[in-house]
Amino acid sequence: MAEDPPVWTRDEIASPCINVCVIHPAERICAGCYRTPEEIASWSRLGAEERARIMAELPDRAPRLKKRRGGRAARRR
């Protein structure tokens, strides 16, 4: 029985996208991955160093998005 060929992989930083693609109107960053629209659009063309720099900045961007309080459940009270 022949062995399966090795699976091809890419040596690059994967996208931080979590498929929650909503750009916050004031902060201009995605509520899912915290990237700017420009970073999202250019991600496939960026080199490893630039991707790593962006990935390092993402945790600091999260607090910029205010969490929603209330919503429908709060209005019904």
Side-chain angles (χ1 to χ4, degrees):
M1 185 172 196
E3 284 187 37
D4 290 331
V7 175
W8 179 77
T9 60
R10 297 171 74 165
D11 293 330
E12 60 186 39
I13 297 172
S15 169
C17 180
I18 61 167
N19 294 322
V20 178
C21 305
V22 177
I23 302 299
H24 188 279
E27 294 295 332
R28 299 295 300 151
I29 58 177
C30 176
C33 68
Y34 308 119
R35 293 180 293 168
T36 67
E38 295 77 22
E39 291 167 345
I40 293 168
S42 64
W43 190 259
S44 64
R45 296 183 305 275
L46 297 176
E49 288 181 17
E50 186 67 8
R51 287 183 180 194
R53 181 192 64 76
I54 292 168
M55 292 291 283
E57 291 177 5
L58 298 181
D60 293 334
R61 296 178 185 181
R64 290 171 41 190
L65 300 183
K66 296 185 192 261
K67 302 297 180 199
R68 286 187 64 186
R69 296 183 316 202
R72 183 173 183 248
R75 290 189 304 270
R76 294 181 66 196
R77 285 189 219 149

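Throughout, numbering of the chain's residues begins at 1 and tracks the sequence. Excluded from the calculations below are hydrogen atoms, water molecules and symmetry mates; all remaining heavy atoms, backbone and side chain alike, are included.
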Q. So which heavy atom on Ile18 is nearest to which on Gly32, and how close?
A. CD1-O, 3.5 Å

Q: Locate the shortest heavy-atom distance separating Ala14 from Trp43; write the atom from each residue and the value.
A: O-CZ2, 3.7 Å

Q) Quick one: CZ on Arg51 to CD on Glu39, what's the gap to the nearest 0.5 Å? A) 12.0 Å

Q) What's the spacing between Cys33 SG and Ile40 CD1 if we round to 0.5 Å? A) 4.5 Å

Contacts under 3.5 angstrom, residues 52-59 side chains, donor-acceptor by atom type, not counting sequence neighbours:
| from | atom 1 | to | atom 2 | distance (Å) |
| --- | --- | --- | --- | --- |
| Arg53 | NE | Glu50 | OE1 | 3.4 |
| Arg53 | NE | Glu50 | OE2 | 3.3 |
| Arg53 | NH1 | Glu57 | OE1 | 3.3 |
| Arg53 | NH1 | Glu57 | OE2 | 2.5 |
| Arg53 | NH2 | Glu50 | OE2 | 2.5 |
| Glu57 | OE1 | Arg61 | NH2 | 2.7 |

